[in-house]
Engineer: 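This is the structure, below, for whatever I ask next.
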Amino acid sequence: MTLDRLSRFQIYLASQELAGAVVRRPANVLYLTGYPAGFERPAFAVVGPDAVIVVAAGSGDGIQKALTAGLTGIGYRVPGSTVDRVADVDALSTVALGEAIARAGLRGKKVGVELGDVSARHAATVLEVAVVSALDEQLAAMRRFKDAGELELIRAAVAANDHGFGAAAMVIAAGVSEFKIQRELVDQMQKVVFVPIDVTGPNNAFISGPRTMLLAAGATARRLEQGDLMIIDINPVIRNYKGDTTRTYVVGPPTAAQQKVHDTLVRGLEAAEKLAKPGVKASAVANALQEPIIAAGYGALIVHGGHGIGLEHLERPYIVPGDDMPLEEGMVLTFEPGVYLPGIGGLRIEDNYVVTANGVDVLSHYPRELRVCW
């Protein structure tokens, strides 16, 4: 599959009269080459007409073992890999990038570069040996459509989230801390996927009581109280892909106001599901999602809408009134209505979907109701 993606990308580059490209965005490097790049140590995919070279921290042999056959790895030293000198990551990665450009046959050629993602030093290196053109959003556009392998990984990630929600429901009660709820959820998810789970990133939420007004925040030592709402929004990276789902819980029986809000959010979700299909604009889906919420009098309190997911947390299309990108078969989306009321708290629900020829299929299956815990 990697080679197919590279071939399509190389054809695109040729159509733009580009001899090749220097790709820096970690999700794009991974998508093209299968190499798990990161921002903390510079990594690049240098794509030429006849050669593709991955530059990354570490030994060339080690990088080579992680690559699909036909790709070449060039490594550079980092602190900890040498005991006889200081490893200057910026300088060494710059040298390795220059070598990769030469070996890919791009010296003196017109090259597309992800200028928004490379450092000034790396960009200067490319400018010294090639003619630079800003690389557009082609890779992001390719990544919007998930192939069968990607969809399988996303389905597995979403299913792991479902298990996590179930584990949380078993432990949520008055007197229990947010930390404990997070720990139980993570433990259960790890038993399902057999890989480490990290839900401490800024897009995850373990928030209860007054903290639900924060929208997203990590767990704390706060202990839940009778009548508290709790929002759990989890989107860990599992085998490079994300599921991104949210459920709201309540300690003890919900108030009439809490139940009304949650029922309204579910109606918004159902309205979006009913409308969404290929050719429908993301903005139209957002309007459908919001309509029941506005009709119930909560329009000024709507915060979320939804977005695409995959290798990154937020991908287009965005399910907001301002995004007129049409949905297309193969996109994976979230619909995420949320309302936040002073004195009552925040409530949110989020499910994941794949766009099919006739509509959307729901990927997340944990029950949608406001979950009452004792």
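Here the structure is a predicted model, which is why all the values come from computation and not from measurement.
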Engineer: Would you say His307 and Asp244 are linked by a side-chain donor-acceptor pair, where the criterion is simply a distance under 3.5 Å?
Structural biologist: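 Yes, a side-chain donor-acceptor pair sits under 3.5 Å.
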Engineer: Quick one: OG1 on Thr200 to CG on Asn204, what's the gap to the nearest 0.5 Å?
Structural biologist: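 So the OG1 of Thr200 and the CG of Asn204 are separated by 7.5 Å.
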Engineer: Please check if the side chain of Lys242 supplies one atom and the backbone of Gly310 the other of a donor-acceptor pair under 3.5 Å.
Structural biologist: no
Engineer: Could you check if a side-chain atom of Ser133 sits within less than 4.5 angstrom of a side-chain atom of Leu18, using non-hydrogen atoms only?
Structural biologist: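 Side chain of Ser133 against side chain of Leu18, heavy atoms only: contact under 4.5 Å found.
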Engineer: Is a salt bridge present between Asp263 and Arg267, judged by a nitrogen-to-oxygen distance below 4.0 Å?
Structural biologist: no
Engineer: What are the two closest non-hydrogen atoms of Tyr35 and Ala57, and how far apart are they?
Structural biologist: OH-O, 4.1 Å
Engineer: Under 6.0 Å from the CE atom of Met170, do we count more than 12 heavy atoms belonging to anything else shown?
Structural biologist: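 For Met170, atom CE is not crowded (no more than 12 foreign heavy atoms under 6.0 Å).
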Engineer: Donor-acceptor check, side chain of Tyr76 to backbone of Pro42, threshold 3.5 angstrom: yes or no?
Structural biologist: yes
Engineer: Contact between Val195 and Ile238 at the side-chain level, heavy atoms closer than 4.5 Å - yes or no?
Structural biologist: yes
Engineer: Closer than 3.5 angstrom, by distance alone: can the side chain of Arg348 be matched with the main-chain N or O of Leu215 as a donor-acceptor pair?
Structural biologist: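 Yes; at least one donor-acceptor contact below 3.5 Å.
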Engineer: May I ask you to test the Pro36-Arg239 pair for a side-chain heavy-atom distance under 4.5 Å?
Structural biologist: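 No, side chains not in contact.
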Engineer: Between Glu315 and Arg143, is the closest basic N to carboxylate O distance under 4.0 Å?
Structural biologist: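 Glu315 and Arg143: salt-bridged.
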Engineer: Would you say Val46 and Val52 make side-chain contact, with heavy atoms under 4.5 Å?
Structural biologist: no
Engineer: Using only atom types and a distance under 3.5 Å, with no angle test, would you say the side chain of Thr334 pairs donor to acceptor with the backbone of Glu336?
Structural biologist: no
Engineer: Side chains of Leu301 and Tyr340, heavy atoms from C-beta outward: is any pair under 4.5 Å?
Structural biologist: no
Engineer: Supply the atom-to-atom distance Phe9 CZ to Met142 CE, rounded to the nearest 0.5 angstrom.
Structural biologist: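 Rounded to the nearest 0.5 Å, the CZ-CE separation comes out at 7.5 Å.
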Engineer: Looking at Ala288 and Ala271, what are the two nearest heavy atoms and their distance?
Structural biologist: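 Heavy atoms of Ala288 and Ala271 come nearest at O-CB, 3.4 Å.
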Engineer: Output every pair passing side-chain hydrogen bond (donor to acceptor under 3.5 Å, both in side chains) with a member in residues 282-300, not counting sequence neighbours, ordered by first then second residue.
Structural biologist: Ser283-Asp324
Engineer: Which atoms form the tightest heavy-atom contact between Pro254 and Val372, and what is the distance?
Structural biologist: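 That closest heavy-atom pairing would be CD-CG2, 3.7 Å.
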Engineer: Of all the heavy-atom pairs spanning Pro79 and Ala87, show the shortest one and how long it is.
Structural biologist: N-CB, 3.6 Å
Engineer: Is the Tyr318 to His304 ring centre distance short of 6.0 Å?
Structural biologist: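 Here the rings of His304 and Tyr318 have centres that are no less than 6.0 Å from each other.
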Engineer: Regarding His122 and Thr125, do their side chains bring together a donor and an acceptor under 3.5 Å, going by distance alone?
Structural biologist: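 Looking only at side-chain atoms, Thr125 and His122 do not form any donor-acceptor pair under 3.5 Å.
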Engineer: Applying side-chain hydrogen bond (donor to acceptor under 3.5 Å, both in side chains), which residue pairs with at least one partner in residues 153-180 are found, sequence neighbours left out?
Structural biologist: Asn161-Thr245, Glu178-Ser208, Glu178-Arg211, Glu178-Thr220
Engineer: Looking at Gly48, is its backbone amide N or carbonyl O close enough to the side chain of Gln10 to form a donor-acceptor pair, meaning the two atoms are under 3.5 Å apart?
Structural biologist: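 Checking the backbone N and O of Gly48 against the side chain of Gln10, a donor-acceptor pair under 3.5 Å is found.
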Engineer: Are His262 and Thr248 close enough that a side-chain donor and a side-chain acceptor fall under 3.5 Å?
Structural biologist: no
Engineer: Kindly indicate whether the side chain of Val47, heavy atoms from C-beta on, has any atom under 4.5 Å from the side chain of Leu13.
Structural biologist: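 In contact.
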Engineer: Is Leu139 close to Val23 at the side-chain level, that is, under 4.5 Å between some pair of heavy atoms?
Structural biologist: yes
Engineer: Examine distances only and state if a side-chain atom of Gln258 and a backbone atom of Leu370 form a donor-acceptor pair shorter than 3.5 Å.
Structural biologist: no
Engineer: What's the separation between atom CG in Leu106 and atom CD1 in Ile53, rounded to the nearest 0.5 Å?
Structural biologist: 8.0 Å
Engineer: Would you verify whether the NZ or CZ of Arg247 falls within 45 degrees of the ring axis of Tyr366 while also being under 6.0 Å from that six-membered ring's centre?
Structural biologist: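 Judged by the rule (NZ or CZ under 6.0 Å from the ring centre, within 45° of its axis), Arg247 is not positioned above Tyr366.
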Engineer: Salt-bridge test for Arg77 and Asp88: reply yes if a basic N is under 4.0 Å from a carboxylate O, no otherwise.
Structural biologist: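 No.
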Engineer: In plain terms, say whether Glu328 and Lys146 are close enough for a salt bridge, that is, a side-chain N and a carboxylate O under 4.0 Å apart.
Structural biologist: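 Salt bridge: no.
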Engineer: Measuring from Phe165:CZ to Tyr249:OH, what's the distance to the nearest 0.5 Å?
Structural biologist: 5.5 Å
Engineer: Closest heavy-atom contact between Ile294 and Ile302?
Structural biologist: CG1-CD1, 4.0 Å
Engineer: Could you check whether any side-chain N or O of Thr212 sits under 3.5 Å from a backbone N or O of Gly346, counting only pairs where one atom can act as donor and the other as acceptor?
Structural biologist: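 It does hold such a pair.
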Engineer: Which atom names give the shortest non-hydrogen contact between Val251 and Ala173, and what distance separates them?
Structural biologist: CG1-C, 4.1 Å
Engineer: Roughly how far, to the nearest 0.5 Å, is OH of Tyr241 from CD of Glu312?
Structural biologist: 11.0 Å
Engineer: Which residue in the set Asp351, Ile309, Leu327 passes side chain to side chain contact (heavy atoms under 4.5 Å, CB included) when paired with Leu333?
Structural biologist: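 Single pass found, and it is Leu327.
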Engineer: Side chains of Asn358 and Thr356 only: does a donor on one sit below 3.5 Å from an acceptor on the other?
Structural biologist: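 Side-chain D/A pair, Asn358 to Thr356: absent.
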Engineer: Examine the side chains of Asp136 and Tyr12 and answer whether a donor and an acceptor come within less than 3.5 Å of each other.
Structural biologist: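 Judged by distance alone, the side chains do pair up.
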